Structures are given as structure tokens and as C-alpha cells.
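The shown structure was predicted, so the numbers you read here are calculated from the model rather than taken from an experiment. Quick note on labels: first sequence line is chain A, next is B, and so on, each numbered from 1. Worth knowing before you read on, the calculation uses all heavy atoms, side chains too, and leaves out hydrogens, waters and symmetry mates.
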Amino acid sequence: MTDRSVRDVELGLLLDAIYLRYHHDFRSYAQASLKRRVGSALLHFKCETVSRLQERVLGEPKLFTELLRFLTVQVSDMFRDPLYYRTLRESVVPYLETYASVKIWAAGCSTGEEAYSLAIVLYEEGLLDRALIYATDINPESLRSAEEGVYQTERITKFTENYRLAGGRASFGDYYSAAYGGAVLDRRLKKAIVFSDHSLATDSVFAEMQLVSCRNVLIYFDKTLQERALGVLGDSLCRKGFLGLGSKETLRFSQHAAEFTELVPGARIYQKI
Amino acid sequence: MSDIEVIVIGGSAGALDALLTIVPALPEQVSCPIVIVLHLPPGQANLVPGILARICARAVYEAEDKAPLVDHTIYVAAPNYHLLIERNRALSLSIDEPVQLSRPAIDVLFESAADAYGPGVAGLVLSGANQDGAQGLWQIQQAGGVAIVQAPATASCPIMPEAAMRRVGPAAHVVRLEDIGTFLTKLVCAKSRGGA
Ligand SMILES: C[S@@+](CC[C@H](N)C(=O)[O-])C[C@H]1O[C@@H](n2cnc3c(N)ncnc32)[C@H](O)[C@@H]1O
């Protein structure tokens with residue numbers, strides 16, 4: 001057996017161990033980038049081999065919490081890809097307006113940026129009072145900081161610029177106040193969001209939505225898991241409901257493609273048939 | 001020796017010009033997919049697939065997640081995403097932290113190609129202003145693939161090719177820009193004959 005295949009075996013065992021011990025299922029994640037992140041974890045935890053990391057993670061639950069930071073990628077922005085939010089505002093909001101109560105799911109919400117951006121759009125379009133946003137993730141640390149809704153002051157310039165490009169109707173400054181050495185998002189926005197733990201790898205449908213936004217999460221899954229996740233996302237939508245993906249994610253290569261039409265090419269917003 | 005199954009190319013400053021020389025010089029026999037990472041500001045990077053499509057007969061796409069790699073096709077990394085190749089010969093994207101201050105990073109693509117294809121990879125480092133690609137090219141060479149570097153004297157920015165030469169050492173094929181097309185053609189065709 002080559003060194004390379006030995007490393008593959010070790011990685012497989014690590015993921016099995018994590019699944020059996022902590023019920024987090026990374027076994028069907030896209031391998032190429034997962035391998036890199038496990039590589040960084042080895043350096044961080046000063047483990048010579050993946051087997052050593054496996055041994056430690058089994059014995060030290062605290063280390064697992066820290067390892068989650070390597071296994072999941074917490075990179076986000078408010079109004080990331082402004083075109084996406086602009087399209088939601090222009091083409092999806094008119095549809096949401098026809099509902100007495102609006103349910104939206106931000107799946108893989110990381111530290112909350114996406115959920116708060118959605119809340120701002122709904123607020124400006126007069127829908128927030130009758131809307132509920134479920135924001136879910138598998139990383140408990142991220143969910144906790146999402147719930148706090150406090151962001152580093154340095155990030156505000158970028159958020160503000162994105163907000164403007166996304167067609168914001170007011171001033172981004174209206175939505176936060178400076179405190180705790182950061183920017184604290186407005187209570188009105190938080191009130192409409194429920195943050196909770198949910199895995200697209202192991203959990204299933206929990207409510208019926210008019211819009212599901214799942215951005216830059218599916219890229220971390222392999223083909224099989226991606227199909228499973230798309231199944232859950234699609235089954236959560238009501239008829240004619242909308243599915244929003246990341247700007248380089250597409251349904252084109254999926255068996256679920258036929259269940260949707262693309263609303264605006266390029267914006268990666270699909271409508272369930 | 002096994003066949004070359006994929007060509008991966010990386011570069012930054014001056015690399016687009018180099019591609020304009022190399023890509024049209026590749027004959028049809030060079031059928032394997034070509035995957036490219038360039039460091040460019042997002043506004044310019046978006047234009048690259050269109051530019052390449054105009055100068056060659058191959059299909060050219062901006063890379064999308066899970067796209068299966070197809071022969072006679074060029075894939076260009078999208079701005080702000082790393083581009084990787086999976087073992088099942090499909091592309092995958094990630095927004096992990098930048099590597100060598102770059103996203104997309106050449107090292108990330110090259111490392112994944114070496115892992116997915118082993119000796120079936122030809123890696124090419126073009127003109128550029130930093131060290132990205134050196135480590136990845138070394139990994140390609142270590143996995144039995146072919147490491148190629150644009151001769152620094154023919155690069156408008158020699159830093160990247162020089163870094164790659166230092167990292168890979170004498171195993172690197174250092175080729176003048178005007179000869180890279182021919183070199184790749186011979187490599188791909190020779191290997192196909194030898195490996196059959
Ligand atoms: C790169 S972030 C994307 C954040 C945000 N959606 C955006 O586009 O800015 C990916 C998120 O997916 C989450 N994630 C990873 N695996 C998951 C799973 N199985 N179920 C739900 N979320 C997952 C990670 O914890 C991380 O917060």
C-alpha cells in the first residue's frame with residue numbers, strides 16, 4: 001500500500017470516529033478541500049499523523065469543538081454577492097408578499113451574516129413583521145455568535161458597500177450601533193430569526209418554507225451528499241417556492257435539476273415547479 | 001509511464017499574455033481537460049473565459065462546483081473561490097481562507113490534481129509576482145506527474161517561475177514561452193503512445 005492510500009485509510013477512520021463519537025457526519029464531504037483542512041488541523045494540534053489526531057479526538061471532547069473550526073469553514077459576509085440580494089428583493093419579494101406569513105430558511109448560516117441580510121431586505125420591504133427566518137448550522141460556536149449578532153467594526157465598510165450594491169433603501173448605519181468594541185445589529189432584526197442546530201447531512205425537513213437560502217454550503221459536500229441535501233432543501237419548499245444557492249453553485253449537474261426552473265440566470269435563484 | 005489526463009496551469013502577472021501564446025498553439029490531439037488558476041482582480045478574471053474562447057476552438061468555462069471534467073475543454077477558476085479537482089474527475093470549489101494571500105490559489109489546485117491523478121498530471125507555472133504554485137508543482141512532481149515552468153527569461157514577471165524552479169529543483173522542465181505549446185503536445189502525445 002502506498003503512503004497516499006495509507007493516508008486515505010487514516011482519514012476515513014478519523015471521519016468514522018467522529019461520526020460514532022460525536023454524531024457529526026463528515027464522511028461524504030468533498031475530499032479535496034477536506035484533506036487540506038485536516039492537514040491544517042494536524043499542524044495546529046501538533047499531531048504527526050491523522051491516526052494520532054483520531055486518538056486524541058476520541059479521548060478529548062473539547063478538542064473536537066476546536067476541530068470543528070477546521071472541518072467547517074466559517075467565511076461569510078453581509079450581502080455577499082449583492083446581485084443575489086438585489087434579485088431576491090426585485091423578483092422574490094413580490095411573491096412572498098402574497099403570503100400572510102412568510103417562512104424562510106437560511107441553511108448553513110455560519111455566524112449569521114446571511115440571515116441578518118435577509119432580515120434587512122424583509123424589513124425594508126415591509127415583510128419582517130410577518131416573517132420568520134430559521135437560521136441553521138452545525139457549528140455551535142458559530143450559532144452562538146450568530147445569535148449575538150456582533151461583528152468586528154473593520155467589517156462594516158464592506159457590509160455597507162455590499163448593502164448599497166444590493167439595492168438597500170436606507171443607510172446601513174440604521175441597522176447597528178457601536179458597542180462591545182464592535183457593531184451590534186438591531187434587535188428588530190434578531191426578533192425575526194430563530195437560530196438552531198440542523199445538519200444537511202443527517203437531519204430532515206422541519207417546516208414548509210417559501211424561500212430557502214443555502215449558499216456556499218453545498219460546495220463542501222460530495223455529489224452524493226449534495227443530492228441528499230438538495231432533496232431536503234427542495235422538500236422544505238412549498239410549490240413555487242424559491243431556492244437560492246451560492247454564486248458558483250448550480251443545479252445543472254444534479255438529479256434535482258428537473259424539479260426547478262432558474263428564475264434569473266446568473267443570480268442562482270431557482271423556483272420549484 | 002501513464003497518460004497525461006489533465007493539464008493544470010497557474011500564474012499571475014503576465015500569465016494571461018502567456019496563455020494567449022500557449023493555448024492557440026495546442027493542436028486537437030491535446031485532448032485532455034485544461035484547468036487554469038490566474039490571480040487577477042475579480043473584474044478582469046471574469047473576462048478570461050471569454051478571451052480564451054475567442055482564441056481557440058475549445059469550449060471554455062468559468063469553473064462551477066461539481067462540473068465533470070470533459071475533454072477538449074478549458075476551465076478557468078472563478079474569482080474568490082479556490083478550485084480543486086476531486087478523485088472522481090469533477091471540479092469542486094471552496095471558500096476556505098486564502099493561501100499565499102490568494103483565492104483562488106494555484107497551490108490548492110495543483111495539490112488536489114496531484115492527489116486525484118497522481119502521475120497523470122502535467123502542471124505548468126507561468127509568469128507571476130509571488131510564490132504561489134511552487135509547493136503545488138513540487139507535489140505534482142512528487143506524485144509522478146510532470147512539472148513544467150515557463151523560462152523566467154521569457155516571463156514578464158519571473159518571480160513565480162523562479163520560485164517554482166527552486167522548489168522543484170532539477171526535475172522541473174524549464175521551457176521558453178514560445179516552445180511551451182510544442183512541449184505540451186509532445187508530452188501528451190508521447191505519453192499516450194508509451195502508456196498504451
Ligand atoms: C462558507 S460558510 C457559508 C456561510 C453563508 N451561507 C454564506 O454564504 O456566506 C459554510 C457553512 O456551512 C456549515 N455547514 C457545514 N456542514 C454543514 C451541514 N452538514 N449542515 C449544515 N451546515 C453545514 C458550516 O458550519 C459553515 O457555517
Side-chain angles (χ1 to χ4, degrees), chain A residues 2-5 7-8 11 28-41 44 69-77 80-83 108 110 113 158 214-227 229-230 245-257 266 268, chain B residues 6 8 35 42-43 45-46 49 61-70 75-100 103-119 121 135-136 139-140 142-145:
Chain A
T2 63
D3 283 1
R4 181 176 138 205
S5 31
R7 277 202 308 278
D8 289 346
L11 181 65
S28 293
Y29 278 47
Q31 292 281 306
S33 64
L34 185 68
K35 275 181 194 161
R36 276 196 76 89
R37 292 192 297 280
V38 170
S40 314
H44 176 82
R69 254 179 254 156
F70 288 88
L71 297 179
T72 65
V73 177
Q74 307 302 321
V75 178
S76 196
D77 260 327
R80 163 190 229 143
D81 310 315
L83 173 69
S110 188
E113 292 85 339
K158 178 79 182 293
C214 182
R215 314 195 67 217
N216 302 304
V217 183
L218 298 177
I219 49 176
Y220 290 101
F221 298 168
D222 75 7
K223 187 101 179 72
T224 315
L225 180 53
Q226 209 174 76
E227 297 293 0
L230 281 170
L245 302 180
S247 58
K248 302 299 163 203
E249 292 169 325
T250 170
L251 287 181
R252 187 142 29 101
F253 309 113
S254 162
Q255 70 200 32
H256 294 284
R268 304 302 152 110
Chain B
V6 68
V8 290
V35 187
N46 287 330
Y61 298 108
E62 186 180 71
E64 284 184 311
D65 188 51
K66 301 291 178 278
L69 289 178
V70 174
Y75 302 87
V76 183
N80 283 323
Y81 287 80
H82 288 304
L83 176 60
L84 305 95
I85 305 178
E86 298 286 340
R87 292 243 174 110
N88 67 358
R89 278 108 173 89
L91 295 173
S92 69
L93 269 54
S94 96
I95 47 169
D96 291 20
E97 294 298 331
V99 171
Q100 304 274 357
R103 192 175 61 205
I106 302 163
D107 279 343
V108 172
L109 171 67
F110 282 15
E111 179 184 58
S112 69
D115 186 74
Y117 289 86
V121 190
Q135 175 68 10
Q139 283 168 310
I140 287 175
Q142 289 292 301

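Residue A/Phe70 does not touch chain B at all, counting heavy-atom pairs closer than 4.5 Å. The contact between A/Ser33 and chain B is made by backbone and side chain atoms together, counting heavy-atom distances below 4.5 Å. Residue B/Ala67 touches chain A through both its backbone and its side chain, counting heavy-atom pairs closer than 4.5 Å. Residue B/Val99 touches chain A through its side chain alone, counting heavy-atom pairs closer than 4.5 Å. Heavy-atom distances place no part of A/Ser40 under 4.5 Å from chain B, backbone and side chain included.
Salt bridge absent: A/Arg7 and B/Asp115 never bring a charged side-chain N and a carboxylate O closer than 4.0 Å.
At distances below 3.5 Å, not a single donor-acceptor pair connects side-chain atoms of A/Gln31 with backbone N or O atoms of B/Glu86. The backbone N or O of B/Pro79 lies less than 3.5 Å from no partner atom in the side chain of A/Lys248, so there is not a single donor-acceptor pair.
Residues B/Leu84 and A/Lys35 have side chains not in contact (no heavy-atom distance under 4.5 Å, counting atoms from C-beta outward). Using a 4.5 Å heavy-atom threshold, the side chains of B/Asn80 and A/Arg80 count as separate.
The closest side-chain donor-acceptor pair between A/Gln226 and B/Asp65 falls under 3.5 angstrom.
Other residues, nucleotides and ligands contribute over 12 non-hydrogen atoms within 6.0 Å of the CZ atom of A/Phe253.
Between the CG atom of A/Asp222 and the CZ atom of B/Arg87 there is a distance of 13.0 Å, given to the nearest 0.5 Å. In this structure, the separation between CG on B/Leu93 and CG on A/Leu218 is 12.0 Å, given to the nearest 0.5 Å. Rounding to the nearest 0.5 Å gives a distance of 6.0 Å between CD1 of A/Ile219 and OG of B/Ser94.
Closest non-hydrogen pair, B/Ile95 versus A/Val73, comes out as O-CG1, 3.7 Å. The shortest non-hydrogen separation linking B/Tyr81 to A/Asn216 is OH-OD1, 2.8 Å.
Chain B forms more heavy-atom pairs under 4.5 Å with one residue of A/Gln74, A/Arg37, A/Glu249, A/Lys223 than with any other, namely A/Arg37.
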